[in-house]
Each structure stands twice: as structure tokens, then as C-alpha cells.
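See structure below.
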Protein chains: 2
Amino acid sequence: MKSEATKLREVRDGFVAQWGVMGSHWGINRTMAQVHALLMTSPDAMSTDEVMEELSISRGNAHTNLKELVNWGLLRIVIRKGERKEYFEAELDVWEIFRRIVEERKRREIDPTLGLLQECLSASSGMKSAGGRSFHEQMKSLEEFVRFASKMSDRVAGMPHGKAMQLAMKIFG
Amino acid sequence: MKSEATKLREVRDGFVAQWGVMGSHWGINRTMAQVHALLMTSPDAMSTDEVMEELSISRGNAHTNLKELVNWGLLRIVIRKGERKEYFEAELDVWEIFRRIVEERKRREIDPTLGLLQECLSASSGMKSAGGRSFHEQMKSLEEFVRFASKMSDRVAGMPHGKAMQLAMKIFG
DNA sequence: CTGAACTTTCGGTAAATACTGAAATATATG
DNA sequence: CATATATTTCAGTATTTACCGAAAGTTCAG
């Protein structure tokens, strides 16, 4: 009979591996997603060496991805007194995780897109030809929409969990 | 002095190229994003050959990406009477574009994630150890949240443009 | 200041992904 | 059914992205 600890290790390893696959299906580095999954399901903070060991990856790789996750705000660095090593612990609150991801994706995806659209918008303003005007119109609708989406995602991600749930109820009701 | 047609060609080429860069920054094939940009700003439907020509890409590449965009529901195939070639035209309505993208990303990103979480949830239910129970709890919060997000994105993407705007006003108000 | 503990960087390499070009297949026309 | 026209597939190749491991850099205690 399999011990509970063994079973847990198996299930957790499966989770880590699959979360990595998911990650790569939505444009996130596989290893980064695995590190995140590992720490989200770790009872304790882990050091770079422990992460290397657990995932069988190199120091450089572990380092890069841990730091990237810190940049995303999904991991925190913690220091244990009397030790010089850095340990990493995951943000566990799902709403907080969601907010960080929305914020980061907005910064990386939405904001630069908006910039591009605004350039095209002004570069094509005042064009007289049919082609020029229809291009301008299309840029205008896109720019309006993306600007709007940007504002909305700020709003939602800025809400505390409770407020967001209230709002959600309105949508369902 | 530069003619308006020349200027338009420049601006549009810039848009197509940059839209491609954007795409690759959010996990979408660069070429696919370029093809999409090209057709969104084309006054007329285009054939595979015209797309190849315009973007200087091979037939196979053009074909694959055009068909993929049709799968996403972002392009339609149109047939001109008296001709055997297929032409492609883009969906131009921004709300419609948004809905298609949300739907597709949900199908690819959210649904499989939910499946994984549900497996981990049931595999860890009833565990007695501290580690087992905290793993189960974490899976539970994630599963609840993702299931909820899934439902919300269905709701929003299922709304007609007008309804969605009304709702948006509530959030701002 | 010196050495040990730990972190960061980076050139070379491996793996994954996208693209080409041509052949194979399908479809319409006479 | 023969031919021309158009679409689809795919093996080989090119490009991009991720990873390793060792060396360089940093920090801190003694």
C-alpha cells in the first residue's frame, strides 16, 4: 500500500509538470511555470539549490526564472536569520495572483499595442483618399477599444477581492 | 513631396510589421499576426498569392496562417463568382474580434487548466497529513477561481456589444 | 584584507518552433 | 476523362528561444 506522502509527491509532481505544459501553451516559459507551481505547492520557502534539485535544472536557469517570477510579483524573497542564502516563497492568494498577472500582461501586451495604434492614428489623420480614410477608421475603432480595455483591466485589477465578487454577482444577476 | 498613397503604404506597412512584433510578445505566431494586420487594413479581400507577395513569405506559410486565422474566426473565406481562387477577408468589428479571441484563449488556456486542477483536487481529497491538506486547499482555491473566471469570460464574451458597454458603465460609475 | 558563501552573467550548445519549396492531392472546366 | 487551376501536406532547413555550466562578481564574517 502506497503511503500518503508518496501519493502526495506523485500528485504534486504531476501538477508541477502539467502547469509547465500549460504555461508553454499560453506564451510563458515552461520552466518558469514549473518553478511557480513548485513554490505555490511548497509548504516552505525554497532556495535556488532546492529548486535546481527538485526540477533537475541548472543554476543559471533556476536563477533566471526565480528572478523573473519575483519581477512578476508572484514570488517574494525571504531571508532566514543567521543564513545568507535567499529563499523564495509564493504568493498564495488567488486574487492577488490574478491581479499581478493582469497587471503584468497589461504592461507587456496592452500598453505597447495602444502606443502603436495611436501612432498609426495620428499618421493617418486627415488623409483624403478612400483607402486612407478607411485605414484611419479601422485604427480608430481599434484604438478606442484597446484604450477602453486597458482602463477596464486597471479597474478590475485594482479592486479588492470582495468588491470584485460583488461586481461579479451583478453580472450573473 | 510624398503622395498620400505612398504615406499610407508606409504607415500601413509599419502597422503590419509592429502588429507582428506584438503578436510574438504575447505568444502568437509573428506571421499569423502580420497576416491578420494585413487583412484588417485591406480594403478588399486578398488571395493566398497576394498575401505571399505582400509579406514575402512562402505559399505553405501563408496557407497555414490563413487557415489558422479562419479557425480562430478572425478571417472569412469569400469566393468571387467566376473565379476558383479563395479570397480571405477579416472580421472588422472590434467587439467581434475581442469575442473570438476570448473564446479561443479560454478554450486553449482556461479549460485544460481547469481539468488539471480538478484532477489534483480529487487526487488529494481526504489526505490527512499537513502537507496533503495544504496542497488540497491550494488546489481548491485555484480550481474555484479558475472555474469562476471561466464562467465570467463566457458571460462577457456572450454579450452583444451594447450590453457589454452598459455593464462597463456600471463599473465606471 | 581574506576567504567562504552565495548570486549573477554569459558564451556556447541544445531544443523547440517556424518557414520554404516542391510534390501530392483535390476540384472545377470543357 | 484530361487538363488546368488551386489547395494541402511535409521533409528538410533556418531561425528563435531556452538552457547549461563555468567563470566573474558580490557580500559578509572573522
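Order of the sequence lines sets the chain letters (A, B, ...), proteins ahead of strands, with each chain counted from 1.
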Next item on the list: Take the protein atom CD1 of B:Ile79 and the nucleotide atom P of D:dA6, then report the distance between them rounded to whole Å.
Entry: 11 Å

Notebook entry, point to check: How close or far is atom P of D:dA18 from atom CG of A:Leu55, stated in whole angstroms?
Noted result: 17 Å

Check: What is the distance, rounded to the nearest whole Å, between atom CG of B:Leu66 and atom C1' of D:dA6?
Finding: 14 Å

Checklist line | Check against salt bridge (Lys or Arg N to Asp or Glu O under 4.0 Å), A:Glu103 and A:Arg107 | finding: CA-CA 6 Å; A:Glu103 233 172 77; A:Arg107 197 174 68 72; over 6 Å; no

Checklist line | Rounded distance in Å - NE2 (B:His25) to P (D:dT16) | finding: 13 Å

Note to self: Under the salt bridge (Lys or Arg N to Asp or Glu O under 4.0 Å) definition, can you give me all pairs with a residue in residues 29-54 of chain A, not counting sequence neighbours?
What the structure shows: A:Asp49-A:Arg59

Note to self: Quick test of your reading of the model: are B:Arg108 and B:Glu104 salt-bridged, counting only N-O distances below 4.0 Å?
What the structure shows: yes

Notebook entry, point to check: Could you state the CH2-P distance from B:Trp26 to D:dT17, rounded to the nearest angstrom?
Noted result: 16 Å

Check: Is a donor on one side and an acceptor on the other found under 3.5 Å between the side chain of A:Trp95 and the backbone of A:Met159?
Finding: yes

Check: Among pairs that include at least one residue of residues 111-133 of chain A, which meet side chain to side chain donor-acceptor pair (under 3.5 Å), considering only residues two or more places apart or in two chains?
Finding: A:Lys106-A:Asp111, A:Gln118-A:Glu143, A:Ser124-A:His136, A:Ser129-B:Glu4

Next item on the list: Figure out the CG/P separation between B:Asn65 and D:dT7, and round it to whole Å.
Entry: 16 Å

Next item on the list: Starting at atom CE of A:Met52, determine the distance to atom P of C:dC6, rounded to an integer number of angstrom.
Entry: 13 Å

Next item on the list: Sugar-phosphate atoms are those with a prime plus P, OP1 and OP2; base atoms are the rest. Using that split, label each nucleotide of nucleotides 7-18 of chain C B, S or - for protein heavy atoms under 4.0 Å, 5' to 3'.
Entry: BBB--------S

Notebook entry, point to check: C:dT29 C1' sits how many Å from B:Lys81 NZ, rounded?
Noted result: 19 Å

Notebook entry, point to check: Is there a donor-acceptor pair closer than 3.5 Å between any side-chain N or O of A:Arg12 and the backbone N or O of B:Phe135?
Noted result: no

